[in-house]
Number of protein chains: 2
Amino acid sequence: MREAAAADNRPYHHGDLRRALIDAARRLLENEGPTALSLRAVAREAGVSPAAPYHHFKDKGELLDAVAHEGWDLLNELMTDARAKQTSVRDKLTALGVAYVKFARDNPALYRVMYDCSRDKENLPDHLHADNDSAYCQVRDTLVEAGASPMDETELELATTAAWCAAHGLAEMVAFKQFDHLKVTMGGEEAFLRGVFEHMGIFGHARTD
Amino acid sequence: MREAAAADNRPYHHGDLRRALIDAARRLLENEGPTALSLRAVAREAGVSPAAPYHHFKDKGELLDAVAHEGWDLLNELMTDARAKQTSVRDKLTALGVAYVKFARDNPALYRVMYDCSRDKENLPDHLHADNDSAYCQVRDTLVEAGASPMDETELELATTAAWCAAHGLAEMVAFKQFDHLKVTMGGEEAFLRGVFEHMGIFGHARTD
DNA sequence: AAGATGATCTTTACGGCGTCCAGATTCAGA
DNA sequence: TCTGAATCTGGACGCCGTAAAGATCATCTT
C-alpha cells in the first residue's frame, strides 16, 4: 500500500519521493531531452517544491548518479539476455556489441548521463568491474571463453578495453548521428552494425583467425 | 598593427571582439574546465559586457561552434603532420590513430565541445567530409592507399566509419578515464594505444592479413 | 566639413537555474 | 501524549542565457 501511492489525495509527506524523483527524471530525459533535465523540472514533474529533492540527494549530481546507475542496470540486463540467446562464442560477442549499441540508440539521453556522471570522477563506476553480470565483465568473460590464445591478465584487460572502446565509439555515433545512407545501402541497421564490428575485428572476430 | 591590439588604453570599440571572444572561451576551457564556460564568463574574460557577444554570435551555441571549428582545424593539422612523418601505409594508419587520441587527451574539454556542438544537429560538421585535409578524409585516403582488396565506395565508407568510431571510443576513454595501470604494465602510453588499436585491428592492421 | 547611418557596446531587465535557510507539517518512538 | 527527527514549503541569493533600448563611435554621403 505504500507503493503506487494512493494517488487521489496528496499524501502526508509523499511516500517514496526518492523513487518518484528518479522516475520523473527518466521520464523528462525520454520525453523532453537532456536540456530539459533541471532539478527544478524534476521536482515540478514529481509535484514537489524545488527544494524537496535535497532531502534525498546531496545535489543534482547525486540524482543523476542514481539515474545513471539504473541505466547501467538496464544495459546489463539487455546484454545478459543477448548473450544468453547465442551458443557460439563468436555470436555471443557480436550479440553483446549489437545490444550495447542498440541500447545507446534507444536511450541516447540516458546513455549520455551514464558517462557524464563518471566524467568528473576518476574512473568508470565501480560496479562495472565488481558486479559479475556487469556489461564489462560479460565482455571480458566471453573473451576468456573465446581464448584461442591463452591470454594473460594484461592481455585480457587490453582486449576487453579495446572492445569496450570500439562499442562505445560506435554507440555514440549511432546514438547521435545518422548513418542512414550506410544502413540503407547495407540492407538494414543490423547488417550495418555487424559490418562495422567486423572491420573492428573484435566483436565477432575475436582474433580467432 | 591590428592584432595584439595595442593593449595599453582600451580602444574605441574593441578592435576584433569576435577573435577575442573565441580566444577567451578557449582559455577558460583549458584553465577552468567546461562547466566554467558560460557566455557571461567569456564576456568577462574578454573585458566586455554580458550582452556584447550577441553582436558577433547569434547565441552561445554559435560561439561554441566557432570554438569547435578551431578544434577541428587543430586536429587536422596534427593528423596531417603525424601522417606525413610515416612512409608505410601501416605506420600512417597507426600514427593517425595515435595522434587523434593524443589530441583528445591533451584537449579533453575542447574535444568534448567539438562533438557536443554537432550533437543537436543531424550530422557531424560538413567540413569533415568536404575538406581534403580533414581528419576523416585523411583516414579514408590512407585506407584507399592501403587498398589490399579493391574496396567499393560502401566498403570504404564502412571501413572509415569503423576506424573513426574505434578512435573516438578510445579517445573518450583516455581523455576522461585513466588507464594508468595498463599504461604502466604495457610500458608507456604509446605502447598502450598501439596495443588497443591492434586489438581493434583497424589502425595498424588495415585488414592486410 | 558636417551630418546621417549603421555597427558596436552598455545598461537594464526578465525568467530559469542550483542551492541554502528558516519555518511548517508529519512520522515514530518514549 | 509528548518530543525529536525526518520531510516538505516558501523565500532568498547569485548565477545563467537572452532581449530591448539607449549610448558611442566609424564610416559614408553630400
Side-chain angles (χ1 to χ4, degrees), chain A residues 1-3 5-25 28-29 31-68 109 113 116-117 119-120, chain B residues 1-3 5-25 28-29 31-68 109 113 116-117 119-120:
Chain A
M1 172 63 95
R2 68 139 59 87
E3 50 194 359
D8 43 47
N9 56 354
R10 296 306 171 91
Y12 26 88
H13 269 169
H14 185 279
D16 190 354
L17 183 54
R18 186 190 153 88
R19 184 66 262 146
L21 288 170
I22 297 177
D23 289 342
L28 279 175
L29 215 47
N31 303 336
E32 320 285 338
T35 60
L37 192 63
S38 69
L39 197 54
R40 294 178 103 105
V42 171
R44 227 176 288 135
E45 173 86 12
V48 294
S49 82
Y54 284 87
H55 293 270
H56 301 270
F57 303 97
K58 190 173 70 58
D59 55 11
K60 183 186 179 182
E62 220 174 60
L63 204 190
L64 292 188
D65 280 344
V67 172
V113 168
D116 280 345
C117 276
R119 183 106 33 212
D120 300 326
Chain B
M1 175 61 93
R2 66 137 61 85
E3 48 195 0
D8 44 46
N9 55 355
R10 296 307 171 88
Y12 24 90
H13 269 169
H14 187 280
D16 191 354
L17 183 54
R18 185 190 153 88
R19 183 67 263 144
L21 288 170
I22 297 178
D23 289 342
L28 280 174
L29 215 46
N31 302 336
E32 318 285 339
T35 59
L37 191 64
S38 68
L39 233 186
R40 292 178 105 105
V42 172
R44 226 176 288 134
E45 173 87 13
V48 294
S49 81
Y54 284 89
H55 293 272
H56 301 271
F57 302 98
K58 191 172 68 56
D59 56 12
K60 183 185 180 183
E62 220 174 59
L63 202 190
L64 293 188
D65 281 343
V67 172
V113 168
D116 280 346
C117 276
R119 183 107 33 215
D120 300 327

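What's counted below: heavy atoms across the whole structure, side chains too, no hydrogens, waters or symmetry copies. Only a predicted model underlies this, so the values are computations on that prediction, with no experimental measurement involved. In what follows, every chain begins at residue 1, and chains take the letters A, B, ... in the order their sequences are listed.
Atom P of nucleotide dT18(D) and atom CZ of F57(B) are separated by 13 Å, given to the nearest angstrom. Rounding to whole angstrom units, CD of residue E62(B) and C1' of dG17(D) are separated by 15 Å. The CZ-P distance, from R19(A) to dT7(D), rounds to 16 Å in whole Å. Distance, L17(A) CG to dT25(C) P: 19 Å, rounded to whole Å.
Side-chain nitrogen and oxygen atoms of H56(A) include none within less than 4.0 Å of the OP1 or OP2 phosphate oxygen of dA6(D).
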* Structure fact -> Quick tally for nucleotides 10-22 of chain C: nucleotides whose base has a protein heavy atom under 4.0 Å get B, sugar-phosphate-only ones S, the rest -, giving BB-B---BBBBB-

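D23(A) meets the salt bridge (charged side-chain N to carboxylate O under 4.0 Å, His left out) test with R19(A); sequence neighbours excluded.
Taking CG of L28(B) as the start and CZ of R44(B) as the end, the distance is 9.0 Å to the nearest 0.5 Å.
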* Asked: Could you go step by step and tell me if F57(A) and D65(A) meet the side-chain contact (heavy atoms from CB on, under 4.5 Å) rule?
  -> CA-CA 10 Å; F57(A) 303 97; D65(A) 280 344; over 6 Å; no

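You'll find the side chain of D116(A) stays beyond 4.5 Å of the side chain of L64(A), heavy atoms only. The shortest side-chain heavy-atom distance between V42(B) and P53(B) does not fall under the 4.5 Å cut-off.
Between the side chain of D59(B) and the backbone N or O of E62(B), at least one donor-acceptor pair lies under 3.5 Å.
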